[in-house]
Amino acid sequence: MLSALRPLARPATGAFRNLASVKSTTQTLRFSAVRFVSTRYTTDHEWVSFDSNTNIGTVGITDYAQKALGDVVFVELPAQGNEIAQGDSIGAVESVKAASDIYAPVSGVIDEINETLADQPGLLNKAPQGDGWLCKVKLSDPAEFEALLEADAYKAHCEGA
């Protein structure tokens, strides 16, 4: 039985030899830069998602903060181009329960604001760490970002609050 399979195997082996002798074409490989985005938190319940390639941090309030506030009815945001320092009040959030200041988690220049929040402040409740972002900041000192809380430390802070 084994001898009956040998003739079938030989043509296939020859075909592999022919494939191996085919010259490979030169291929150009393109590598794109890896985009590294990391999120950190403040004890005042703001978050910053930092893109190290662009040096832009997207700022918002955490899910914990929006739950504590209740239904958000108004959002005051900083003006684009404003220079801010870490800890400065950069705006406010008003809800049916309370009003709360928003503090700058990092220093820099306001690059962009989420203008959608003017018409839809409830986005802060629906997607506080998504479409409900507040502003984008061009960081002047990325080391400030590194000093903020990582997710586990922020979670522990909230559980102790």
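Starting from 1, each residue takes its place in the sequence as its number.
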Does a side-chain heavy-atom distance below 4.5 Å link Leu124 with Val75?
-> yes
Any chance you could measure Asp51, atom CG, to Thr58, atom OG1, to the nearest 0.5 Å?
-> 8.0 Å
What is the distance from atom CG of Leu117 to atom CZ of Phe74, rounded to the nearest 0.5 Å?
-> 11.0 Å
Test salt bridge (charged side-chain N to carboxylate O under 4.0 Å, His left out) applied to Asp111 - qualifying residues, sequence neighbours left out | none
Please assess Cys135 against Ile113 for the test side-chain contact (heavy atoms from CB on, under 4.5 Å), listing each intermediate value before the final yes or no.
-> CA-CA 4 Å; Cys135 61; Ile113 60 168; 4.2 Å; yes
side-chain contact (heavy atoms from CB on, under 4.5 Å) partners for Ala147, two or more places apart | none
Excluding sequence neighbours, so at least two apart, what forms salt bridge (charged side-chain N to carboxylate O under 4.0 Å, His left out) with Lys67?
-> Asp63
Among all residues two or more places apart in sequence or in another chain, which pass the side-chain contact (heavy atoms from CB on, under 4.5 Å) test with Gln80?
-> none
Decide yes or no for Ser38 and Phe145: does some side-chain heavy atom of the first lie under 4.5 Å from some side-chain heavy atom of the second?
-> yes
Does Ser107 have any side-chain hydrogen bond (donor to acceptor under 3.5 Å, both in side chains) partners at least two apart in sequence or in another chain, and if so, which?
-> Glu144
With Gln86 via side-chain hydrogen bond (donor to acceptor under 3.5 Å, both in side chains) - residues at least two apart | none
Give a yes or no on whether the backbone of Trp133 and the side-chain of Asn114 come within a donor-acceptor separation of less than 3.5 Å.
-> yes
By salt bridge (charged side-chain N to carboxylate O under 4.0 Å, His left out) - contacts of Glu146 (at least two apart) | Arg40
Name all residues meeting the side-chain hydrogen bond (donor to acceptor under 3.5 Å, both in side chains) criterion together with Asn125; count only those two or more places apart in sequence or in a different chain, and write none if there are none.
-> Gln66
Sequence neighbours left out, what passes side-chain contact (heavy atoms from CB on, under 4.5 Å) with Asn55? Give chain and number order.
-> Phe50, Lys138, Leu139, Pro142
Result for side chain to side chain contact (heavy atoms under 4.5 Å, CB included) between Ile110 and one of Leu134, Val59, Leu77, Ile84 points to Ile84
Side-chain touch Leu148/Val106, heavy atoms, less than 4.5 angstrom = yes
Where at least one partner belongs to residues 83-94, residue pairs that pass salt bridge (charged side-chain N to carboxylate O under 4.0 Å, His left out), sequence neighbours excluded = none
Could you state the interatomic distance from NZ (Lys97) to CG (Asp71), rounded to the nearest 0.5 Å?
-> 8.5 Å
Flag the pair Val72 / Pro121 as yes when at least one side-chain heavy-atom distance between them is below 4.5 Å, and no otherwise.
-> yes
How far apart are the closest heavy atoms of Ser49 and Thr39, and which atoms are they?
-> OG-OG1, 3.5 Å
Can you sort out the partners of Glu46 under side-chain hydrogen bond (donor to acceptor under 3.5 Å, both in side chains), two or more places apart, ordered by chain and number?
-> Thr42
Worked check of side-chain contact (heavy atoms from CB on, under 4.5 Å) between Val73 and Ser95 | CA-CA 5 Å; Val73 294; Ser95 71; 5.5 Å; no
So which heavy atom on Ala104 is nearest to which on Ile90, and how close?
-> CB-CG2, 3.7 Å
How many angstroms lie between CG in Asp101 and CD in Glu76, if you round to the nearest 0.5 Å?
-> 8.5 Å
Any chance you could lay out the side-chain contact (heavy atoms from CB on, under 4.5 Å) test for Ile102 and Asp44, step after step, and finish with the verdict?
-> CA-CA 8 Å; Ile102 302 165; Asp44 291 323; over 6 Å; no
Mind checking what makes ring-ring contact (aromatic ring centres under 6.0 Å, His included) contact with Tyr154, not counting sequence neighbours?
-> Tyr41, His45
